[in-house]
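Read through the structure below, which is laid out as structure tokens, and then see the notes.
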Amino acid sequence: MADMLRNGAAWLAGQLKSSAGTLCAYKRGNNTAQFTASISRSPFEAQGAGGVVESWESRDYLATAAELPYGEPRRGDMIVEELDGVATFYEVTAPRGVPVFHWADAWQTVIRIHTKQVDRDITFIVTEQGDEIVVPLAT
């Protein structure tokens, strides 16, 4: 039975890649390789030492583990995705205490990589009342 489920998970991963895959570049240091991923998201909330609740949303890349060019993702790696003809950069990262990736299935066929966009000039802060504040980054 386990082999049937493992085979089903592998088949499903292939279907996801072929029907909803996006060609991306994976960068580690000076090395770059292409891979195909499906795009998703993960919301996070964490309370800091000062009691401030930080919430943010990760842009996630789901890919087959076999296709990752450099093995398991590492904090600081970059994923480059073309959006509307513009290369957009996402750094592999996650909130403090959260791994930068996790396996999406029990057989470690599909990996979910957490990222944040890093090529913007602004950041957004949401107050407890839900108001959004736009803060330009220092140059």
query = Does a donor on one side chain sit under 3.5 Å from an acceptor on the other, for Ser58 and Arg41?
reply =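 Side-chain D/A pair, Ser58 to Arg41: absent.
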Any donor-acceptor N or O pair under 3.5 Å, side chains Tyr70, Asn31 =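 Looking only at side-chain atoms, Asn31 and Tyr70 do not form any donor-acceptor pair under 3.5 Å.
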ask   = For Glu72, which residues count as a salt bridge (Lys or Arg N to Asp or Glu O under 4.0 Å) partner, sequence neighbours excluded?
value =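 With neighbours one apart ignored, the set is empty.
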ask   = Do Leu83 and Val92 share a hydrophobic cluster (ILVMFWY, side-chain heavy atoms under 4.5 Å, transitive)?
value =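 Same hydrophobic cluster.
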Hphob cluster co-occupancy, Ile39 + Trp103, side-chain heavy atoms under 4.5 angstrom =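 Ile39 clusters together with Trp103.
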Distance check, rounded to the nearest 0.5 Å: [X] atom [atom1] versus [Y] atom [atom2]?
X      : Y      : atom1 : atom2 : result
His102 : His114 : NE2   : NE2   : 5.0 Å
Tyr90  : Gln117 : OH    : CD    : 4.0 Å
Ile79  : Thr32  : CD1   : OG1   : 12.0 Å
Phe89  : Lys27  : CZ    : NZ    : 6.5 Å

inquiry  = Keeping Lys116 on the side-chain end and Trp56 on the backbone end, is there a donor-acceptor pair under 3.5 Å?
reply    =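 Checking the backbone N and O of Trp56 against the side chain of Lys116, no donor-acceptor pair under 3.5 Å is found.
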ask   = Does Thr115 use its side chain to pair, donor to acceptor, with the backbone of Ile113 at less than 3.5 Å?
value =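 No: the side chain of Thr115 does not pair with the backbone of Ile113.
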request  = Could you list the residues that satisfy side-chain hydrogen bond (donor to acceptor under 3.5 Å, both in side chains) with Glu81, not counting sequence neighbours?
outcome  =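 Scan of Glu81 (side-chain hydrogen bond (donor to acceptor under 3.5 Å, both in side chains), adjacent residues dropped) gives Arg59, Tyr61.
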